[in-house]
Amino acid sequence: MNRRDSEIDSGLPININKKSMSLTAAVWARFCQKRLGVLSLIIVISLFVIGILAPVLSPYDYRQTDLTSALLSPGSEGHLLGTDRLGRDLLTRTIYSIRTTVIITAITVLTGGLLLGPVLGLLAGFFGRWTDVLISRIGEILSSLPALLMMILINATLDERLRDQIRKFEDWSGIDGLISTGAYSYFLVFGTLSLFFWVGSMRIVRAQVLSIRELDYITAAEALGATPARILSRHIFPNVAFLIILGVSSALAGIAGSELVLTWVGVGVQPPMPSFGSLLFEGSGARTVRAYPHLLLVPGTIVTLLLFCFVLLGDAINDAYRGD
Amino acid sequence: MSSRQISGILLGIVGILVLAIGGLSAILLFQGNEQQTTTAAVNQNVSSIEKIDPAGRELRLPGGEPVTLDPHLTTDAVSGAYIVEIYSGLVTMNAELEIVPDLAESIEISSDGLVYIFSLREDAKFHDGRGVTAEDVVWSIQRAASPELRSTVTLEYLKDIVGVREYYYGLKSELAGVVALDTRTIQITIDSPKPYFLAKLTYPSAFIVDRSQIESNRNWVRSPNATGPYKLAEWNLGESIVLEASEHHYLGLPSVHRAIYTLAGGSALTRFENDELDVAYISINDIDRARDPSSSLYKYYQATASMSLSYIAFNVTQAPFDDVHVRRAMAMAIDRQTIAEVTFNGMTLPATGILPPGVFGYTEVDKTLPYDPEAARAEFSKSKYTSSNMPPIVYTETGGGASAGLDTQAFIEQWRQVLGLEIEVRQADWASFLDLIDSNSAQMWGIGWSMDYPDPENILDIKLHGESRENNTLFSSPPINELLESARTNFSISKRITQYQEAESLLIEAAPWIPLWFGSNHVVVSENIEYWFEPPMTLPRLQHIKLRD
Amino acid sequence: MLQYTIRRISVLPLLLLVITFSTFCLTRWGPGDPISVIAGQVRDPEVLAQIREAEGLNDPIYVQYIRWLGDASRGDFGESYIRRGFTTWEVISPRLWVTGQLGLAALLIIFPIGIFAGGLGARFRGSWLDPTITLSLLFAAALPGILVVAVLQWLFAVQLSLLPVGGWGGWIDIYWIAGIVAVPIPDPHIYIPLIAYTLGGFVGVARLVRATVLEVNRTDYVRTARAKGLSEGVVQRRHVLRNSLLPLVTVVAFSLAGIIEGSIIAETLLGIPGIGSFLFQAIGSRDYNAIQALTVIYSATFIIMNLVADLAYSLVDPRIQVGDT
């Protein structure tokens, strides 16, 4: 899917407060008219909620093996969607996989697109000169890299070293369970993903900052004693907010897809925490599909639905913004 | 419609037509395609074999891509499988796993067991027809041990020969222990009498290579001139390897004239069913079908044991595995029998000891600690660890992809249920895995070991002797070490076996390892093959396979 | 414009330098090394240490890197650890050929069909056909590659036995009619990977074509041309077509990038001997030379694609200033 940020118009018309307020409202209104977009938003939100409520909603423990009920088909007694090779309930594992995807996508979006990116963009735009050059060049390098390749490489090579460091940290600080709960493996995955996803929002914010800071009325406001915080909140933020949302929504499918591939390859979320990558891995292979199709089709359908809705959502927001 | 749309539509239609025609042709011709290629290949192939026997007997099998075809560098079984067909040495293993002379016609051992004299056969020839001389043998062994070659394994298999260590480290410029007495006799001296020395010589480190070819051609390994029953006819990287019987080999022409290994291609079983392969290995997904008398696969199915052991190893210097009771408790808490039946569909055999079937000293009696949850808990309570001071435990394993091994996941559950232990699984890729074990940072791990030769020394001594460099458990027990050392030089076969069996029992009781499974091979073999030989370990096998006329 | 182009091109070597140096350090910092992998389970630490020394793996990183850089700039990517006896280039180049051919073939399929679909969509805008086309193509693009390959394998290879389940047999097979006439037909191994690669690419081309056609048809000069009495055909050919095609250059770059990333998974699943499947083998065996070479290949391709796309994009839309914004 397209991750390109230059697809999103960065040569913006300059907005003064009032217009930008109604811009957001106008876009939202247009969005609500798109049935497909609204539908996909509803589905995405529902899936997110399911994911968060996973422990409550799942009939079984996702780790619980029951060798006597292995490889049951969907509709078997007690297992709505069947079981896998170790007798673990597939419905439970699917729900937890949704949760994994939800968490990772959300955190990546938050850290990369909504935190790291805008902050760096602000710094680059505000302080200019060397900060700008440095940040922009790094961004250029990162966006020129084949992301998947680098993510695989990074995860494969750094995993062990970082794990050692975290263990030392655990010993030193007395905080326990960082690794055993699986939090660490999440950290590594969304860390790497964020690394490649901050560039887009950085560029958006930077462009906006650059175009605004020279305006007369800003200079006037500063002369009148407006603090940088005020300038930020009233001038910069409203204009970039929607753009960032735009950029992020286009990237959602890419982020979820990358996590899927990383886990499938083995460098993403570690077992026993289920993820669509691991469920698909266990279910793929022509002969497995022939013998036990539900192992592939159950997670496959759900993850396709999720990805499709991400795509439609991003599309609808994009269309709404452009007034198509 | 505008002309633009028309041209767009036309372009699209043309594209679709191309695909459709191609697709239809493929469908119609796919069945016939294979015969076309095979016939074409045979017709083009003007080798002397066809002159003798125009039938062109071919065997098509799946194969892995070898890391190297240089016998002195090989360390993995995939490369080894090709190497033992292309190259050969003084001795080899026959189908019954006995050490028999190969290029050597006769072997004399001195009474003190230190000096071996090999006489070469008259008809020992290279693929190009040149006769093998004692000089070739001496040079080959020297090359294997040469510092320039940088082989990682030569020392392991040839270190018993006097002077090899010094030569390898560049301390001496001559290999004292290997001498050519005349053009057909070689004398090898070893450092102490070892009954397993000849077994070690069957490993490719002692295979013969052609000096003039190696010294003149940098890329010699792509079409090596060697002494094995087959020569390397083609090596298409990533696609296929073709071996052809060497007409100069002293065994004469085998039943299989050509072996075609396809290296890529996805599921072997599907290709077997589409008649692209003559043999395929069965995975757990299809084992039910293969064993079902009413299925089409049943009549082709064969199962044999392989000489390998999968086990869990403990680092006995790391808590909590410094306490033997913990290790024993964990061994008794897992139900390997049920897991083998249910999770693996009966495809693996629960191990009955450390020595796999076929190794001297193997018995069918189950010597392992039995599955007994009560006893496991009782054993655990004897340890100095309780649930409050139990340190975190990490189980390390290697895997490809997203899932931990199925048996691992089952074990983890059982350790949780029976002993209340929460064990974390850490998957590392092969290279990291080796690193972790080497640096002694792993607490417990799962791994396998395949025998190189059917002598218990190859597993009990190498892996579990207290001072062995390959002993990663760091376990050392003086009585066991003594038994192993004494067995090294004991030429009485029955006494050796007893010593190894005693060592095995002691090791099982002390549990630095939990033996899990003995390996087995499950194959389907097509009707083109009259007799299929599935070797339990790496040894030349193409010569034992008989094709149907 | 020219200045910008020159600046971007001149940055290329620096970019490659940074990227290759990072991968160099990354792989060596991580656990395991090629000697250890080669040794397998039979490992004498003394022996391994000796070999590492001889191979130069104990030298400081910058020394090793400069050595590699010097060799690489002369085209020497070193000896392969994963296929001993061959150089890295000899191992990679046939694979590069396979992946490259598949990628180009996929592009050649995506474009005609995508253009066709986009043109249809523009023509029938407002009817049910337009959104259906867009939605189906979007769906095809959203499908995870893993799923697509698994289902295709199952359907065509296992169930219907029409296609081989994986592997590679070249592009063309020769079929002899009655032993006299030779007919080249496509090798059946290419179908599943081509389907897997192209599914995701249609939507990008189709939407761009559709949007451009619609937009250009509305512009003043096209209306003027019509008003002048030029025939519809001339209008289409001279104005609409020409302007619709240039933006496609940008999509080429994205599509190729997507195909390359998708090839990593598809080749592994299908057992196709390309550089995608080789990537995992190289990483798994810690074949430093192979990993470096692959990084150079992938990065150079990506960077060039990016550059081409950017330049084409700016040519297309003069409102977009190329430069620091």
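Per chain, numbering begins at 1; letters A, B, ... match sequence-line order.
The candidate with the highest count of non-hydrogen atom pairs below 4.5 Å against chain A, out of C:Ile283, C:Ile146, C:Leu143, is C:Ile146. Looking only at heavy-atom pairs under 4.5 Å with chain A, the residue among C:Phe139, C:Phe280, C:Tyr298 that has the most is C:Phe139.
With values rounded to the nearest 0.5 angstrom, A:Leu36 atom CG is found 5.0 Å from C:Leu135 atom CG. C:Leu294 contributes atom CG, which lies 10.0 Å from atom CG of A:Leu153 (distance to the nearest 0.5 angstrom). Note that the OG1 atom of A:Thr301 and the CG atom of C:Leu147 stand 7.5 Å from one another [nearest 0.5 Å]. If you take CH2 on A:Trp264 and OG1 on C:Thr268, they are separated by 6.0 Å, rounding to the nearest 0.5 Å.
Interface remark: C:Leu15 contributes side-chain atoms only to the contact with chain A (heavy atom separation under 4.5 Å). Interface residue C:Ile303: backbone and side-chain heavy atoms are both found under 4.5 Å from chain A. Contacts of C:Ile291 with chain A are made by side-chain atoms alone, with heavy-atom separations under 4.5 Å and no backbone atom involved. Heavy atoms closer than 4.5 Å to chain C are found in the side chain of A:Asp315, but not in its backbone.
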Discussion item. Could you go through C:Thr23 and A:Met150, starting from their C-alpha distance and side-chain angles, then the distance that decides it, and tell me whether this counts as side-chain contact (heavy atoms from CB on, under 4.5 Å)?
Written reply: CA-CA 8 Å; C:Thr23 8; A:Met150 298 316 286; 4.1 Å; yes

Item to complete: Could you check C:Val151 against A:Leu296 for side-chain contact (heavy atoms from CB on, under 4.5 Å), going step by step and ending with a plain yes or no?
Response: CA-CA 9 Å; C:Val151 171; A:Leu296 181 72; 4.2 Å; yes

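Smallest separation of non-hydrogen atoms from C:Pro144 and A:Val303: CG-CG1, 3.9 Å.
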